[in-house]
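Counting begins at 1 with the first residue of the sequence. Predicted model only: the values in this text are computed from it and were never measured. All values below were derived from every heavy atom in this structure, side-chain atoms included, with hydrogens, water molecules and symmetry-related copies excluded. Ligands are counted one by one from 1 in listed order, and the atoms in each one are counted from 1 as well.
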Amino acid sequence: MSEFDKIQINRNNKKIAELDILKGSLGPDVIDIRNLQKQTGFFTYDPSYGATSSCESSITFIDGDKGILLYRGYPIEQLAEESTFLEIAYLLLKGELPNKQQFEMFSHNIINHTMVHEQILNFYQGFRRNAHPMAILCGATGAMSAFYEDSADINDPNQRMISTNRLIAKIPTLAAMAYKYSVGQPFNYPDNELSYSENFLKMCFAVPTEKYNSQKVLSDAIEKIFILHADHEQNASTSTVRLAGSSGANPFACISAGIASLWGPAHGGANEAVLKMLNEIQDERNISKYLKKARDKNDPFRLFGFGHRVYKNYDPRAKVMQKTCHEVLDLLGIKNNPLLSLAMKLEKIALEDEYFIKRKLYPNVDFYSGIILQAIGFPTSMFTVLFAVARTVGWVAQWNEMIEDPNQRIGRPRQLYTGPNKRNYVKLNKRG
Ligand code: CMC
């Protein structure tokens with residue numbers, strides 16, 4: 001990041017501060033307000049951080065107006081079409097695509113560390129069978145901090161790398177176990193002969209009584225879904241991971257915090273909410289009724305899978321997802337999927353609706369992913385879990401970047417206090 005220019009702040013025509021303008025490699029310049037309070041006595045007010053860059057990062061870039069998403073400079077469309085999830089993981093973590101030897105070594109490290117401590121299996125038994133798999137994943141990932149304490153020194157790059165590899169390698173195992181537990185089937189151990197996505201599907205869907213056959217169509221679709229969800233710069237869950245990690249907390253606990261943040265329906269939980277919404281709308285004839293609800297400020301209903309804080313254009317991930325959705329359904333021989341037809345009709349009508357046009361609300365990544373996941377055989381409650389498996393890569397890449405940043409200090413936002421002034425305590429028997 002290079003110093004670019006200065007901006008002056010005046011109050012009543014008198015200069016009170018001069019701040020640096022910093023220029024990134026892409027995207028808008030930013031005003032460096034670190035000295036604002038020292039120079040003026042003011043803090044800034046930006047609830048929900050709509051205008052605040054919380055960090056410097058070279059991992060992911062989004063141009064929300066043009067609908068562009070780049071991982072380390074590479075367009076998401078190219079990566080989804082041509083790359084693999086583990087190659088993306090390497091790219092996000094290390095900044096460059098690996099050569100053959102680097103890729104083999106990295107894949108070996110991940111694929112051979114997929115098993116979790118046997119004691120974690122017992123830990124699962126404490127959950128109710130009907131627990132949401134995101135609740136289980138959040139708990140189990142946090143619990144890993146108690147199982148892998150041997151490499152918890154976050155200031156040692158080697159120990160950070162071990163934790164990073166462990167998280168990427170073991171999160172699919174924990175996620176599949178959450179699913180198996182909820183359906184009352186025995187856990188499957190990972191199979192290190194398989195690719196990342198094939199292994200995940202096998203751990204989810206194999207049963208001891210039947211021979212399991214890998215289906216390439218399905219693992220390819222999962223691979224694409226994982227790539228599309230791998231990172232998305234400073235979203236709520238990533239910022240949560242960074243904030244938790246800024247105190248020097250254990251990496252497994254930080255990722256568990258990210259999973260908690262991802263769970264909400266405004267974030268990763270939207271893919272589950274989209275499917276519930278489509279099932280509720282049921283029929284094309286009901287679309288106008290639901291769009292009316294979405295437009296009504298007094299109705300909490302929102303059109304899930306639509307809108308984004310950063311994208312004010314078509315989310316590039318949604319385009320790939322829509323195409324993948326058609327491919328998967330075709331390859332599975334599912335003709336005329338009613339949910340897909342309904343989703344496409346809903347998308348078309350919403351995109352022509354004045355309310356959505358005015359607010360630049362377009363389909364986001366979650367609009368079509370649920371339909372693919374349902375066709376593969378996942379229950380809706382697992383949708384966000386798959387998002388978490390993929391996003392773990394982005395979270396650990398961002399967590400590592402934060403720790404390596406020389407400007408890194410514990411995150412500590414300020415506030416605009418609106419409570420009572422100082423007042424004296426009144427004993428209970430004196431209060432009216
Ligand atoms: N349905 C109806 N109205 C909407 C929607 C929607 N899905 N999204 C935004 N709006 C309206 C909002 O009410 C506001 O209207 P007004 O200006 O009249 O007050 C305007 O559009 C701007 O929205 P906002 O609330 O300021 O946008 P935000 O940046 O705070 O929220 C969002 C972004 C993604 C939380 C929101 O668009 C939303 O709730 N969408 C549905 C949930 C969803 O699909 N989430 C997945 C996001 S992509 C995956 C991920 O990154 O996790």
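- For the residue pair N199 and T114, no side-chain donor N or O sits within less than 3.5 Å of a side-chain acceptor on the partner.
- The six-membered or imidazole ring of H308 lies near that of H232, with a centre-to-centre distance under 6.0 Å.
- Note on K202 versus E198: no salt bridge recorded, every NZ/NE/NH1/NH2 to OD/OE distance being 4.0 Å or above.
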N or O contacts of ligand 1 with protein under 3.5 Å, please list pair by pair.
unit_1, atom_1, unit_2, atom_2, d
ligand 1, 1 (N), L303, N, 3.0
ligand 1, 3 (N), Y355, OH, 2.9
ligand 1, 7 (N), L303, O, 2.7
ligand 1, 7 (N), F306, O, 2.9
ligand 1, 13 (O), K297, NZ, 3.1
ligand 1, 13 (O), R302, NH2, 2.9
ligand 1, 15 (O), K297, NZ, 3.3
ligand 1, 15 (O), R359, NE, 3.2
ligand 1, 18 (O), K297, NZ, 3.2
ligand 1, 18 (O), R359, NE, 3.0
ligand 1, 18 (O), R359, NH2, 3.0
ligand 1, 25 (O), R302, NH2, 3.1
ligand 1, 29 (O), R309, NE, 2.6
ligand 1, 30 (O), R309, NH2, 3.0
ligand 1, 39 (O), R302, NH1, 2.8
ligand 1, 40 (N), F306, O, 2.9
ligand 1, 44 (O), G305, N, 2.8
ligand 1, 44 (O), N364, ND2, 2.9
ligand 1, 45 (N), A266, O, 3.1
ligand 1, 52 (O), H267, O, 3.3
ligand 1, 52 (O), H267, ND1, 2.5

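- Checked by atom type, the side-chain pair N286/E284 shows no donor-acceptor distance below 3.5 Å.
- With hydrogens and angles ignored, the 3.5 Å screen pairs no side-chain donor or acceptor of R166 with any backbone N or O of M161.
- A cation-pi geometry, defined here as NZ or CZ lying under 6.0 Å from the six-membered ring centre and within 45° of its normal, holds between R359 and Y355.
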